[in-house]
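Values reported hereafter were calculated over all heavy atoms of this structure, with side chains retained and with hydrogens, waters and symmetry mates removed. Residue numbers start from 1 in every chain, and the chains themselves are labelled A, B, ... in the order their sequence lines are given, proteins ahead of strands.
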Amino acid sequence: MIDIRLLRNEPATVRAALARRGNPELLVQADAVLDLDAHSRDIVAHRDSLRAEVNEVSKQVGALLKAGDVEAAEKLQDISRSLGDDQRRLAAEYDELQASIRDLLLRLPNLPHPDAPDGAGEADNPVVKGPVNMPAEFGTHQRVPHWESATALGILDNERATKISGAMFTMQRGLGAMLSRALCQYALDQMADAFEEIRPPSLVTTATLTATGQLPKFADDAYSIERDDLWCIPTAEVPLTSIYAGEVLDEVQLPIRMTAYSPCYRREAGSAGRDTRGMLRAHEFDKVEILAVASPEQGPALLNEFVGRAEALIAGLELPYRIIEICTGDMGQSHHRSFDIEVYAPGCDSWLEVSSVSWFSDYQARRADIRYRVAGEKGTRIANTLNGSALAVPRVWAAIIENHRQPDGSIAIPAVLRPYLRGTVSIPSR
RNA sequence: GGAACGGUGGCAGAGCGGACAAAUGCAUCCGCCUUGAAAGCGGAAGGCUCACAAGGCCCGGGGGUUCGAAUCCCUCCCGUUCCGCCA
């Protein structure tokens, strides 16, 4: 949620920043918020002065009753009653306005960082690094889509996954299943030097899913369990961000760094038929996430560090990759600045997004009400949040199968993963 | 799921219809004292809105009763204990 005070005090700045996202509708919404806000401020001033009168008169009533002057007290009670009625009417109006403002504000996206590149959409995302590890050419044995090779090796069984759960569910078997788990453990171990490992709940409340920005606007993308008013998390970012919701931290605690493995659930409502083969897009997948609650000043350095960490994981797996920056027209609702890491998959002949690292400025923290106190300073400040996928399992899994496929059809296991696969060096051909 | 009891400031804990933003203790901060510290003494200090004004709001959330609610009523949530069920 953007700061309504910023919108109020510097409407031109906010409008200019929103305009960079390329959706004129956003400016209309921002203006609507400004109108409602001005109106609501008039009303609340009036309401408060009525309340002040009621408070004053009530005090006098108390004093008169104590003094035994019942008649005078009753007169004042009549006055107070009618002031109270007026006050209640204004209060109701104010509450309605506030609800409308909040609803609009929750749907308004974050302001892009000044350094984020301008652009209209995906095609305008600049490559900021790479390709790295890209061979001059790929062998024909690498040009096989993983859903064919992995199925033949008996490590992927999507046909039965579909029987069990329907379309867009996947199932790995044997060394394939172990490879998924190995990737998680590899990522967690690589983050262990600087991040506290968390095992968060996978089902969360509506308030929790609202804090990170998925609700109210993107309700269709999430699985809901209506009977219990719970939602399946689309990423560990959701529970991790809300760990400190409603709390006031000390500046010295920042940044708080956390990492978590979690299953992720996505309805993929708008993406039917796109990249749905094999492991490219599924309703349920595993991911290791990294997250920080920080001060605004710590944001840029952490963003850099997070990108570096995600990159190091991919580089360690000996995969060809590149880093792109997300332009203003392609940026997610909550994002302030974002980078993606893409891995090249020769079998699919495409770049797969395997990691997304973002700085949210105070957009999520304001929704979640995560604040911090600066020593010697009165009041509190809203924190910043950052997060990134350390490693999203399925696409990395697919990239390993395709890139590391040998001429005999076996799959070479990258050295860093072998300890997690009980020493397995390769997945043998059949 | 059932029953009982609870939810008050950083923590503990009083208040249970009127002068309560809320006693007290601990913790915190600032003085004094001290070579320095502790102890002792004196003082300061909650959050939100907002212009660090005035005013308003905040005693788990929401609603109600009342001239007036931390205090009474309803409802929901959470916690503790007991019972039931259960990996």
Side-chain angles (χ1 to χ4, degrees), chain A residues 1-11 33-34 36-103 105 199-211 215 225-231 239 242-254 256 263 293 362 365-383:
Chain A
M1 197 154 64
I2 63 170
D3 186 356
I4 190 158
R5 278 171 293 194
L6 184 67
L7 177 61
R8 193 147 67 206
N9 299 331
E10 300 176 41
V33 171
L34 278 171
L36 291 172
D37 181 54
H39 189 195
S40 125
R41 272 155 60 91
D42 284 346
I43 287 174
V44 80
H46 195 182
R47 181 204 69 179
D48 284 354
S49 71
L50 285 177
R51 282 185 175 179
E53 284 186 63
V54 170
N55 288 341
E56 181 50 39
V57 171
S58 294
K59 266 183 199 167
Q60 292 173 15
V61 171
L64 287 171
L65 287 177
K66 199 158 273 182
D69 191 346
V70 178
E71 199 176 321
E74 281 175 355
K75 258 181 204 161
L76 285 184
Q77 282 182 10
D78 287 343
I79 294 172
S80 186
R81 228 188 312 270
S82 107
L83 287 172
D85 290 343
D86 293 347
Q87 182 274 125
R88 259 184 292 277
R89 268 193 293 280
L90 286 173
E93 194 177 344
Y94 173 74
D95 289 347
E96 267 174 50
L97 284 167
Q98 284 299 302
S100 310
I101 289 170
R102 183 175 163 80
D103 189 59
L105 234 34
R199 182 32 266 232
S202 308
L203 304 181
V204 298
T205 62
T206 297
T208 298
L209 201 64
T210 303
L215 294 178
I225 299 165
E226 288 181 24
R227 189 166 63 168
D228 297 299
D229 192 24
L230 289 169
W231 301 79
S242 282
I243 283 180
Y244 293 103
E247 298 192 26
V248 180
L249 303 161
D250 273 325
E251 188 186 26
V252 293
Q253 291 175 267
L254 305 179
I256 295 174
V293 179
D362 58 7
R366 179 168 293 105
R367 288 167 168 249
D369 189 25
I370 306 170
R371 291 172 293 157
Y372 68 99
R373 213 184 294 278
V374 177
E377 195 177 284
K378 209 169 146 56
T380 55
R381 300 188 193 177
I382 308 279

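- Pair assignment for B/A12 gives B/U24, based on Watson-Crick or G-U wobble hydrogen-bonding distances that are each under 3.5 Å.
- Between A/D369 atom CG and B/C58 atom P the separation is 17 Å, expressed in whole Å.
- The partner of B/C82, taking Watson-Crick or G-U wobble pairs whose two distances both stay under 3.5 Å, is B/G2.
- Distance check: A/L83 CG to A/L50 CG gives 6.0 Å after rounding to the nearest 0.5 Å.
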Assess whether salt bridge (charged side-chain N to carboxylate O under 4.0 Å, His left out) is satisfied between A/R371 and A/D369, documenting all intermediate values. CA-CA 6 Å; A/R371 291 172 293 157; A/D369 189 25; 3.1 Å; yes
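- Under 4.0 angstrom from either OP1 or OP2 of B/G47 there lies no side-chain N or O belonging to A/T380.
- Remark: A/L203 CG to A/D228 CG distance equals 9.0 Å, nearest 0.5 Å.
- Nucleic acid contact for A/L65: base, since at least one base atom lies under 4.0 Å from a heavy atom of the residue.
- OP1 and OP2 of B/C57 both lie 4.0 Å or more from every side-chain N or O belonging to A/R47.
- For the pair A/R81 and A/D78, the salt-bridge criterion is met [side-chain N within less than 4.0 Å of a carboxylate O].
- Between A/L76 atom CG and A/S58 atom OG the span is 9.0 Å, to the nearest 0.5 Å.
- Checked against B/C50, B/G68, B/A19, the side chain of A/K66 finds its nearest nucleotide in B/A19.
- Distances were taken from every side-chain heavy atom of A/R373 (C-beta onward) to each of B/U49, B/G47, B/G68; the shortest belongs to B/G47.
- Pair check for B/C29 finds B/G43; Watson-Crick or G-U wobble, both atom distances under 3.5 Å.
- Remark: A/R5 is in phosphate contact with B/U49, judged by side-chain N or O atoms under 4.0 Å from OP1 or OP2.
- Within the 4.0 angstrom heavy-atom criterion, no nucleotide atom of any strand lies near A/K59.
- For B/G55, its base sits under 3.5 Å from the side chain of A/D48 at one donor and acceptor pair at least.
- The partner of B/G55 is B/U49, by the rule that a Watson-Crick or G-U pair needs both atom distances under 3.5 Å.
- Here the P atom of nucleotide B/G10 and the OH atom of A/Y372 are 19 Å apart, to the nearest Å.
- With both pairing distances under 3.5 Å, B/G7 is matched to B/C77 as a Watson-Crick or G-U wobble pair.
- When heavy atoms are screened at a 4.0 angstrom cut-off, A/D78 is found touching no nucleic acid atom at all.
- Within 4.0 Å (heavy atoms only), A/S58 reaches at least one base atom of the nucleic acid.
- In this model, the phosphate group of B/G56 is approached by a side-chain N or O of A/N55 to a distance below 4.0 Å at OP1 or OP2.
- Across all strands, A/V57 comes closer than 4.0 Å to no nucleic acid atom at all (heavy-atom distances).
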